[in-house]
Undergrad: 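Sharing a structure, written as structure tokens. Questions coming.
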Amino acid sequence: MSKTDPRSAKADRGGPNQPLIIAKDLKKHFPIRSGLFNRQSATVRAVDGVSFDVKKGETLGIVGESGCGKSTTARLLVGLIDLDEGHIVFDGDGLGEDISLKELRRGVQMVFQDSYASLNPRLTIVDSVAFGPKILGLGNPTGRARDLLGRVGLDPNRFADRYPHELSGGQRQRVNIARALAMEPRLVILDEAVSALDKSVEAQVLNLLNDLRREFGLTYVFISHDLNVVRYISDRVLVMYLGEVVEIGPADVIYENQAHPYTASLFAAMPSMDPDNLTEEPPLAGDPPNPIDPPSGCRFHTRCKFAEGVCSAKTPKLSVIGGDDTHQAACHMQEPGSGHSAAIKEAAE
Amino acid sequence: MTDAPKPGTPLVEFDNLKVRFRGERTVHAINGVSLSMQPGEMLGLLGESGSGKSVTLKTLLRLLPPKRTDIEGGVRVNGTDIKTLSGRRLAAYRGGEVSMVFQEPALALDPVYTVGDQIAETVMRHKGVSRRAAMDVALDMLTRVRIPSPERRLKNYPHEMSGGMRQRAMIALALACRPQLLLADEPTTALDATVQIQILLLLRELQKEFGMGVIFVTHDIGVAVEVSDRIAVMYAGNIVETGTTRDVIKDPRHPYTKGLLAANLHGAVKGERLDAIPGSPPALEEPPSACSFAPRCAFARPACLEALPPEIDLGGGHKVRCVLEQDQVKTPQPVEA
């Protein structure tokens, strides 16, 4: 059905092999100002050279702890904050060269974590959903909004004229999803969109997201800290640590075989769900370091049990794992000839 | 207040507890919770938002606004009815016998005092010792919760610490007077995954070391499994299933518990439709007269809507409130030790 959907076919300019969005070397540094003259005293390197692409129709999961830059990356993709450096290419068109920010936002929409804060409390939900199409001058915005409310499981006759505070969290998040879809996007960025929901409601929304993806031929970027959810919904997973990509690969491969010690720790930190086989030791000590002044070299070396001299001296590059070039990790142990004692020796010469 | 409890007295005993909030609208937050807990036990209280788990903890500490709250039924800690406490006895009880760790340590700690001062103040107040002795206790506590360089951290203000460190300090503060009961209200929800597991394992170790009873409130079934000896599942102000962690996880009987386990997505197959519980929890404006879960339950039958479901004892402390079990369990199940 997604292939014959007239909207996505019409909009598809780059062909099936062109990734829907390419992020090239994204950088975003936030200055911290303090003191009498409000001088810049430090920099938060929130996103520091992040590159990835999202293929048409796939779901890319982004995982990482707070401060790793996953939300900043999402905001950069929709243009909610300006890039310091880097390029965004949407279906072959460079942002700022071939398409404007306004055009990009037609194609990329976002759903936020806080379902209440992201809705205007003074608008009924049907007005909220119709707002974007109205501004864009699309035909019959209210009818379109009512139709979309129905699609996300909120009967328009019962719900259309309610205000956000009259809905439950799960219902509000459905409104936010409908509002994102009202712009007929091709890429929807879900930034912790189900994290604030109760587990039983979360499962309903995940089912809805899967249905909508099929129905509208959507592509998702799904940001979450819940690895179970990410595994369920994603085709590929990107792991971030302190503003950098440490590992990327197909979800099933990463869940079976983590190449980066940080990814491995993140998985080991998941509750065991087995009373006979409880976690004995925490995989990592301490909190993630502050993204102000991140550690030198590999940013994970301060918490990594395999760290050696080379790890603090040299920044590892993403290298291919096990000959499968869809799976990459940035770790000196995976980089032949990096100087780490556990690195693969053969290719080093 | 701190008399040695008689042997065999449960540490905590709820007897048909009902809590109702009055105000613009009435909310029946707790609807007949009966539960008892032995000293040194680690009980996980599992439920979604609005299920009454935090209200249960606040009832235990008498933190609910007295003017707008009606409490019925018995709440006993070490055999004492806590509803009779007031004034000095209540102050000695809070923090001395029972203490609490909150979800957001940044909000629970006082921002204008150092961590050391806050711990020492509690110790001085409850134990009547000098400031110097209280500071020694504070230092000892920070060491026990494994805060690196505790001497230096004693002089830190809460904002100078990371989230995980603050939660450790909060735990040190709660345990400084060696309470017999620790209430933990979602203490790891605001933390990152790699920090969460550290705090969970720390709590498990401290519980063994100090031997206190712990009620650990969480919405995350994985977290409950990691720390609890026993799990009580709450729904709409009542406990729908209790049992040892193993029984509840491996042999869940209540349809709600089963739904929660499925919704955890542990082992969910990608792309396959999730077995989601439809609908949302009830608003609790009326006290329930039937099974509160029936409107969302795939197995509901007429009997579910006629009366409150009975509590069925499956043996081995595994109890479930569901009419479905009534038919299935005619004879008590063999108890496995």
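Letters A, B, ... mirror the listed sequences (proteins, then strands); counts begin at 1. The figures that follow rest on heavy atoms only: side chains count, while hydrogens, waters and symmetry mates do not.
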Undergrad: Would you name the heavy atoms of B:Ala276 and A:Ala203 that are closest together and state the gap between them?
TA: CB-CB, 3.6 Å

Undergrad: To the nearest 0.5 Å, what is the distance between NE2 (A:His225) and CD (B:Gln196)?
TA: 8.0 Å

Undergrad: Is the backbone N or O of B:Leu274 less than 3.5 Å from a side-chain atom of A:Asn207, with the two atoms forming a donor-acceptor pair by type?
TA: yes

Undergrad: Any idea which heavy atoms bring A:Gly286 and B:Gln198 closest together, and the distance?
TA: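 Distance-wise, the nearest heavy atoms are O-NE2, 3.0 Å.
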
Undergrad: Let me confirm one number: the CG-OG1 distance from A:Asp276 to B:Thr245, rounded to the nearest 0.5 Å.
TA: 10.5 Å

Undergrad: Would you mind checking which part of B:Arg204 comes under 4.5 Å of any heavy atom in chain A, side chain (CB onward), backbone (N, CA, C, O), both or neither?
TA: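 The side chain, not the backbone.
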
Undergrad: Would you call B:Asp220 and A:Lys199 a salt bridge, using N to O less than 4.0 angstrom?
TA: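 So B:Asp220 does not pair with A:Lys199 through a salt bridge.
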
Undergrad: Under 4.5 Å, heavy atom to heavy atom: which of residues 223-231 of chain B reach chain A? Give them by number, or say none.
TA: B:Val223, B:Val225, B:Glu226

Undergrad: With rounding to the nearest 0.5 Å, note down the distance linking OG in A:Ser234 to NZ in B:Lys270.
TA: 7.0 Å

Undergrad: Can you tell me how far the CG atom of B:Asn264 sits from the CD atom of A:Glu202, to the nearest 0.5 Å?
TA: 9.0 Å

Undergrad: Which answer fits B:Arg296, side chain, backbone, both or neither, if we ask what part of it has an atom under 4.5 Å from a heavy atom of chain A?
TA: side chain

Undergrad: Less than 4.0 Å between a side-chain N and a carboxylate O, is that true for B:Lys250 and A:Asp274?
TA: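 Salt bridge present between A:Asp274 and B:Lys250.
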
Undergrad: Rounded to the nearest 0.5 Å, what separates atom CG in A:Leu197 from atom OG in B:Ser280?
TA: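 The CG atom of A:Leu197 sits 11.5 Å away from the OG atom of B:Ser280.
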
Undergrad: With a 4.5 angstrom heavy-atom cut-off, is it the side chain or the backbone of A:Glu281 that approaches chain B, or both, or neither?
TA: backbone

Undergrad: Roughly how far apart are B:Met161 CE and A:Asp287 CG, rounded to 0.5 Å?
TA: 10.5 Å

Undergrad: Quick one: does A:Asp198's side chain have a donor or acceptor within less than 3.5 Å of a partner on B:Ser49's backbone?
TA: yes

Undergrad: So if I take each residue of residues 186-195 of chain B and look for any heavy atom under 4.5 Å from a heavy atom in chain A, which residues do I end up with?
TA: B:Asp192, B:Ala193, B:Thr194, B:Val195

